[in-house]
Amino acid sequence: MTVSWQRARNLVMLNLLFILLAVISVFVFFKGGTIYGGGDLTFHINRIEELVNAVKNHNSFLTLFSFTTFNAVGSANQLCYPNLTLSPFVLFRLLLKNPITAYYCGVIFYTYLTFACGYFSLKRFNGKTRQAITFALLYGFSHYRLVDIFTRFDLGEWLALTFLPLVFLGVYEVLFRDYHKWYYLVLGMTLIIYSHILTFVLTAGLIVLLACVSLGWRKKELLPRSGALLGAGATTLLLSAVELYQIIIVYHGNVLYTPNNKAGFWSSALGLHEVFELPWANNIANYMGILSLLIPLLFLLCIRRAKLFYKLCYGLLLLSLIVSSKLFPWFLFKNTPLTVIQFPWRFLLYFTFLNALIGSQLLEAFWEHTKIRRFAKLGYPLCLLLIVILGVTSLRNFKQLESSNQVVANPQNISHGWPAYHIFNADNYKLLLKNNLNFIYVDYWPQESITQARSLAQKEVTRRGTGIGKLTWTSFENDVVTGSFTSKVSGSGALPVLYYGQQYEISLNGKVVAYTASKQGTLQLKEIHAGQNKISLKIKTNPLVTVFKIISICGWIGLCLFLSLQWLKRSAKSVNAGFINFKE
């Protein structure tokens, strides 16, 4: 009982520490009540706000087109980007009056979860508590992760980073240790799908490569381990079936504009000065920090004494760094499907993880071989403190730089271009949602609609490209969006709503009418009356979406039951072992 109580107390203390560190990680920005805009901030804030409106007005998350954000043209970015892991941000936004506070509470929650997942995964990996804590801090305060949320504001990729340690644990179990623990891989990959599809694709590709190499060496276990890997993949697809199906139906029959970087694909790879020079400034304006250089260099000095596993990890670390930089001939791939990754430095995802893993092993090996125990007891917390200080300092350096480069957003300065590079607070937060005609997000629009972006953003009802009226939306609730417009003439007309197939039931002046795709990729109506027109668009319920939703829910229930049974078996074994020892 004493041992159990001590373990419970230690676990509570550890989680309180992670919560405190999560608060510290955002305190530099949180204390001022501001967000320093940049990158995809506007895009992801609009995603969150659309979901908030969906909860308030009883709209479905699964078939949600944007009619309150993203210029209210019914874009499908909510379907092309996973929404489930945004739920904590939505919850905090609903509970808290201050939107800036709500946003940072979401960041704190996932930062805590990153620490917890990192600790849990490494503790399961080798059973070393001290190394697990070190890894959690190195990973949670890693430079690339801080860049993702405070500079690039790539919320999807940042969320996916939370679950990467679970994927590592699952891959290790399936390929090298106990393949019956495939469920770690399933949990990690499914949660990544719920966060960022591109990270899932890259990670899945990496797993396939690792499996081909490792299973080629272990031919005696080829069948069971291959079966476990395939089973994990199938279960992952089962649990995420509804999410993946939503993306498929949006792309099916439509040619959509997707973010790409063909023109700057090669040039966006890291230059040598970004790898070896800029990190010393320890500023999250750069993708790498001090520890991104120190850890690989220190490991190189003692690589001869390192275990084979960590040597292999070091090789993968160097490879991920090379493919993130201009040392890799990315110019050969600028006209290939690989440009979908947009930026070669995305492979720093894996560099970041491996760097934290190797760094934690370096410190653990040092403390294990330190003969002066007092020095070890004192030095260990000081090293953890140094990791935190380096992370917080990089944020402070960035804030000082941005304070001199950015201005507080107002209706005038934000309407002249990209609205991201401004300072936002509770008073001007709504400007992030402003209908900006000089910068319109066209991601996941039908290709033919892009040339009409300004007209669509102005809500023009058109005929043959000429405006005949302007549409005003009045409500969007219960999956029905309603509005009205005054047409100058009668006859056919195109609504300022993007066409993704037969997704709506349209009522015009109380009568259900058919619609087709216009040449501009919008909803084309055959007959519009001159004068006042009232219109409603009811989002159709796709039966297959419901089917895949049930499949995913049943999959989660089944997995939870399986994990519960596994836990009960382990508990029973522990009790039996204890009983036998007691009798003896």
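Just so you know, these numbers come straight off a predicted model, no measurement behind them.
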Counterpart residues, salt bridge (charged side-chain N to carboxylate O under 4.0 Å, His left out), relative to [X] (two or more places apart):
{"X": "Glu402", "answer": "none"}
{"X": "Arg177", "answer": "Glu173"}
{"X": "Arg145", "answer": "none"}
{"X": "Lys128", "answer": "Glu368"}

Within the side chain of [X], is there an N or O that forms a donor-acceptor pair under 3.5 Å with the backbone of [Y]?
{"X": "Thr85", "Y": "Tyr194", "answer": "yes"}
{"X": "Asn413", "Y": "Ala409", "answer": "no"}
{"X": "Asn286", "Y": "Asn283", "answer": "no"}
{"X": "Thr203", "Y": "Phe200", "answer": "no"}
{"X": "Trp330", "Y": "Val323", "answer": "yes"}
{"X": "Lys123", "Y": "Ala132", "answer": "no"}
{"X": "Arg346", "Y": "Ile341", "answer": "yes"}

Hey, what do you get for [atom1] ([X]) to [atom2] ([Y]), rounding to the nearest 0.5 Å?
{"X": "Ile149", "Y": "Phe29", "atom1": "CD1", "atom2": "CZ", "result": "10.5 Å"}
{"X": "Trp445", "Y": "Leu498", "atom1": "CH2", "atom2": "CG", "result": "5.5 Å"}
{"X": "Cys80", "Y": "Leu256", "atom1": "SG", "atom2": "CG", "result": "6.0 Å"}
{"X": "Phe70", "Y": "Tyr444", "atom1": "CZ", "atom2": "OH", "result": "10.0 Å"}
{"X": "Leu316", "Y": "Lys311", "atom1": "CG", "atom2": "NZ", "result": "15.0 Å"}
{"X": "Met288", "Y": "Ser324", "atom1": "CE", "atom2": "OG", "result": "8.5 Å"}

Sequence neighbours excluded, which residues qualify as side-chain contact (heavy atoms from CB on, under 4.5 Å) partners of [X]?
{"X": "Ile108", "value": "Ala22, Val23, Val26"}
{"X": "Leu312", "value": "Leu308"}
{"X": "Phe109", "value": "Pro88, Phe92, Leu113"}
{"X": "Thr151", "value": "Val147, Ile284, Phe398"}

Where [X] and [Y] come nearest, the two heavy atoms and their spacing:
{"X": "Gly391", "Y": "Phe141", "answer": "CA-CD2, 4.1 Å"}
{"X": "Ser360", "Y": "Leu122", "answer": "OG-CD2, 3.9 Å"}
{"X": "Val340", "Y": "Leu198", "answer": "O-CD2, 3.9 Å"}
{"X": "Pro82", "Y": "Ile197", "answer": "CG-CG1, 3.9 Å"}
{"X": "Phe328", "Y": "Trp266", "answer": "O-CZ3, 3.5 Å"}
{"X": "Cys117", "Y": "Ser121", "answer": "O-OG, 2.8 Å"}

Under a 4.5 Å cut-off applied to non-hydrogen side-chain atoms, are [X] and [Y] in contact?
{"X": "Val388", "Y": "Val392", "result": "yes"}
{"X": "Leu300", "Y": "Pro296", "result": "no"}
{"X": "Ile133", "Y": "Tyr119", "result": "yes"}
{"X": "Trp367", "Y": "Tyr380", "result": "yes"}
{"X": "Ser403", "Y": "Tyr36", "result": "yes"}
{"X": "Val408", "Y": "Thr34", "result": "no"}
{"X": "Leu229", "Y": "Ile207", "result": "yes"}
{"X": "Ile423", "Y": "Ile35", "result": "no"}

Aromatic ring pairing [X]/[Y], orientation class (parallel under 30°, perpendicular over 60°, tilted between):
{"X": "Phe89", "Y": "Tyr110", "answer": "parallel"}
{"X": "Phe135", "Y": "Tyr139", "answer": "parallel"}
{"X": "Tyr287", "Y": "Tyr144", "answer": "tilted"}

Exercise. Check the pair Asp40, Arg47 against salt bridge (charged side-chain N to carboxylate O under 4.0 Å, His left out), reporting the backbone distance first and the verdict last.
Key: CA-CA 11 Å; Asp40 290 335; Arg47 287 180 63 209; over 6 Å; no
Quiz item: Testing Phe120, Phe176, Tyr172 for ring-ring contact (aromatic ring centres under 6.0 Å, His included) with Phe125, which one passes?
Solution: Tyr172
Quiz prompt | Of Tyr103, Tyr81, Phe153, the residue whose pairing with His44 passes ring-ring contact (aromatic ring centres under 6.0 Å, His included) | solution = Tyr81
Practice problem: Go through Thr68 and Glu50 one step at a time and tell me if the side-chain hydrogen bond (donor to acceptor under 3.5 Å, both in side chains) criterion holds. | Solution: CA-CA 6 Å; Thr68 58; Glu50 188 70 49; 2.9 Å; yes
Quiz prompt | Intermediate values then yes/no, side chain to side chain contact (heavy atoms under 4.5 Å, CB included), Thr101 and Phe30 | solution = CA-CA 7 Å; Thr101 302; Phe30 182 79; 3.9 Å; yes
Self-check item: Candidates Leu79, Asn77, Asn71 - the one meeting side-chain contact (heavy atoms from CB on, under 4.5 Å) with Ser75
Solution: Asn77
Quiz prompt | Sequence neighbours excluded - side-chain hydrogen bond (donor to acceptor under 3.5 Å, both in side chains) pairs with any residue from residues 270-282 | solution = none
Quiz item: Which residues pass the ring-ring contact (aromatic ring centres under 6.0 Å, His included) test with Tyr257, sequence neighbours left out?
Solution: none
Quiz prompt | For Phe351, ring-ring contact (aromatic ring centres under 6.0 Å, His included) partners two or more places apart | solution = none
Quiz prompt | Test side chain to side chain contact (heavy atoms under 4.5 Å, CB included) applied to Val174 and Tyr184, step by step | solution = CA-CA 9 Å; Val174 170; Tyr184 292 128; over 6 Å; no
Practice problem: Could you list the residues that satisfy side-chain hydrogen bond (donor to acceptor under 3.5 Å, both in side chains) with Asp443, not counting sequence neighbours? | Solution: none
Exercise. Could you go through the ring pair (Phe, Tyr, Trp, His ring centres under 6.0 Å) check for Tyr314 and Phe299 one step at a time?
Key: CA-CA 8 Å; Tyr314 188 69; Phe299 186 82; 4.9 Å; yes
